[in-house]
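The block underneath contains the structure these notes are about, expressed in structure tokens.
Letters A, B, ... are given to chains in the order of the sequence lines, protein chains preceding strands, and every chain is numbered from 1.
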2 protein chains.
Amino acid sequence: MSNTVAAAEMPLAFRPMPGQVQSIARAAAILRLLASSSGRLGIGEIARSLDLPKGTAHGIVRTLQDVGFVEQDKTSGKYQLGAALLHLGTSYLDVNELRSRSINWADPLAARSGEAVRIGTLLDGKVLVVHHVFRPDDTLQTLDVGSLLPPHATAIGKVLLAYDVGAANTVMQGEPEPYTRRTVVTARTLSQALTKIRENGWGAEIEEMTLGEAGIAAPIRGYGGLVVGAIGLSGPVDRVCDGQGQPRPTLVAYVRDAARAVSRDLGAARW
Amino acid sequence: MSNTVAAAEMPLAFRPMPGQVQSIARAAAILRLLASSSGRLGIGEIARSLDLPKGTAHGIVRTLQDVGFVEQDKTSGKYQLGAALLHLGTSYLDVNELRSRSINWADPLAARSGEAVRIGTLLDGKVLVVHHVFRPDDTLQTLDVGSLLPPHATAIGKVLLAYDVGAANTVMQGEPEPYTRRTVVTARTLSQALTKIRENGWGAEIEEMTLGEAGIAAPIRGYGGLVVGAIGLSGPVDRVCDGQGQPRPTLVAYVRDAARAVSRDLGAARW
DNA sequence: GAACCCCGGTCGACAATGTCGAACACTGTT
DNA sequence: AACAGTGTTCGACATTGTCGACCGGGGTTC
């Protein structure tokens, strides 16, 4: 009786999808909220942000705490992400095939090119870094496996968007954040860039994320030819690009070779 | 009907705690299961392992898939952990105070000692590595942030157990796995070792995890003096220990100094 | 110091929610 | 061709989680 009514009046935020376990979806939303607003949140803030009754939010958070996904700072009473998530996250890395197949090829690419190498995949419209090899030289760099990069301002990201029209549309619908003067922010230019990437089979980014830095990336295809990720290198503009401000052909070849090698490994895999 | 019976016969792992959201607890169990049995699992295996009806397990897994915590291999239909967990895990690292306070002190410790440094905390009776600094020399080492180490066979683990009687009892109740001939496996010897650690304020491990390797660790105390983690170094026996097979006093001092420094940082922190 | 406000946490009644098992569609094997 | 697997769907039932009012305590403000 009130089923249909409730479904019709629902805020449309939670669509009456075939069989979504409500409490789990809410729990996931809380975890994402805690992850995004880095820091500690109180029950009240959580409940307000997700438009949940305080009691309900508390029940979910308590359970998340029991399973170790959430921790509570006993003095302030506020909540933050829990340690169990760290282990789950790295467990994901162990299983992730894109990563495991890439490792063997990422190191040589870094060695040959002399630049830092990253492998990423699309997660929720952003670039999730699943592997990262430091630039061979000593300089201290921070490992950013697990972090999210902007898709429109990185070589890897643009390559991934080029082969995922859905994600590309989503990005263009939103307002891409400008990081430098050269960051692509309009849907028109981005769309053109993606078309060019599809034609060439590789993509680049020059000072669109940070001044003085550039990157080159190529798509990695999995079983069936679907693009499942991208591999790319990044470094100072004067090393990555030639005199004409174009990505050096030799580096492009390196990246494309690595991408092909990983794709071959992935395509051959079966069970 | 089977409610009371089931509750009475329940392995005590799932107690009828005041207000556990059942579906969330089950979802967490599924994620843990996927993490432990590394690889892909089918719905049937999941349902069987957790003693759930197939339909129920499927509903939960579908939801987990919708939120990105689980991915499905379309060819085999089996499930594995999802990419969203990776980001949540690293987000935890960003927030984790033990880690952030430790970083500044872990590097100098590694530099002074010339050995690899790890910082860990207890998670579910095991040692969760929250930070890891490579040995200064070049040799390639694998980053094991996020992995779980055995508590009874590592210096960090034994230190953590020494200040957590609950976890210590749990470990002794189970059957500690022997890695080498020197691994402490009996409750008696382990208990003695923990007592000694409490007396000394630091602990060591010599070839108990892997032959030829040794480690030294000291506890890190948080606000209020509670032990919240441990910091330790590890390396070849002949470098970590002196002629008498004892941990070198200078290294012990280094480790204890670092632990104190981090503790001071943590204790002073307030908001 | 006492009013106030906000915090996190608790409790119990209600019904919406998730659970459950049988049935389905499909694949590969026997 | 029958079988034994798989993952998936569906609907009826009642268990389950939700909800809002109610505690108890720490700050702050007047």
[X] side chain near [N] phosphate (N/O to OP1/OP2, under 4.0 Å):
X: B:His58; N: D:dG7; value: no
X: A:Arg26; N: C:dT17; value: no
X: B:Arg62; N: C:dT19; value: no
X: A:Gln72; N: C:dG8; value: no
X: A:Tyr79; N: C:dG9; value: yes

Look at all strands and tell whether [X] reaches a base, only sugar-phosphate, or nothing, counting heavy atoms closer than 4.0 Å.
X: A:Gly44; result: sugar-phosphate
X: B:Thr56; result: base
X: B:Lys54; result: base

[atom1] of [X] versus [atom2] of [N]: gap in Å, rounded?
X: A:Gln65; N: C:dG9; atom1: CD; atom2: P; answer: 7 Å
X: A:Leu50; N: D:dT18; atom1: CG; atom2: C1'; answer: 15 Å
X: A:Lys74; N: D:dG25; atom1: NZ; atom2: P; answer: 13 Å
X: B:Asp51; N: C:dG21; atom1: CG; atom2: C1'; answer: 14 Å
X: A:Leu41; N: C:dC7; atom1: CG; atom2: C1'; answer: 14 Å
X: A:Ile30; N: C:dG8; atom1: CD1; atom2: P; answer: 13 Å
X: A:Asp66; N: C:dG9; atom1: CG; atom2: P; answer: 12 Å
X: B:Glu45; N: D:dA4; atom1: CD; atom2: C1'; answer: 15 Å

Nucleotide nearest B:Arg48 when distance is taken to its side chain, options D:dT6, D:dT18, C:dT19: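 Given the options D:dT6, D:dT18, C:dT19, the side chain of B:Arg48 is closest to D:dT6.
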Nearest-nucleotide pick for A:Ile43, side chain only, options being C:dG21, C:dG8, D:dT18: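 The nucleotide sitting nearest to the side chain is C:dG8.
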Stacked cation flag A:Arg99 on A:Tyr92, 6.0 angstrom / 45 deg: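 No, A:Arg99 does not sit over the ring of A:Tyr92.
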D:dC30 to D:dG26 separation - P atoms, rounded to the nearest Å: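 One P to the other, the span is 23 Å.
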Over 12 non-hydrogen atoms of neighbours within 6.0 angstrom of CG in B:Asp144: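 More than 12 within 6.0 Å, yes.
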A:Asn169, CG atom: more than 12 neighbouring heavy atoms under 6.0 Å: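 Result for CG/A:Asn169: enclosed.
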Upstream residue (5' side of DNA chain C) when B:Ile60 and A:Gly42 are each assigned their closest nucleotide: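 Its nearest nucleotide being more 5', the pick is A:Gly42.
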Exercise: identify the closest heavy-atom pair between B:Thr63 and A:Val21: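 Heavy-atom minimum between the residues: OG1-N, 2.9 Å.
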Beyond-backbone contact of A:Ser100 with A:Asn96, side-chain heavy atoms, under 4.5 angstrom: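 Answer no - side chains too far apart.
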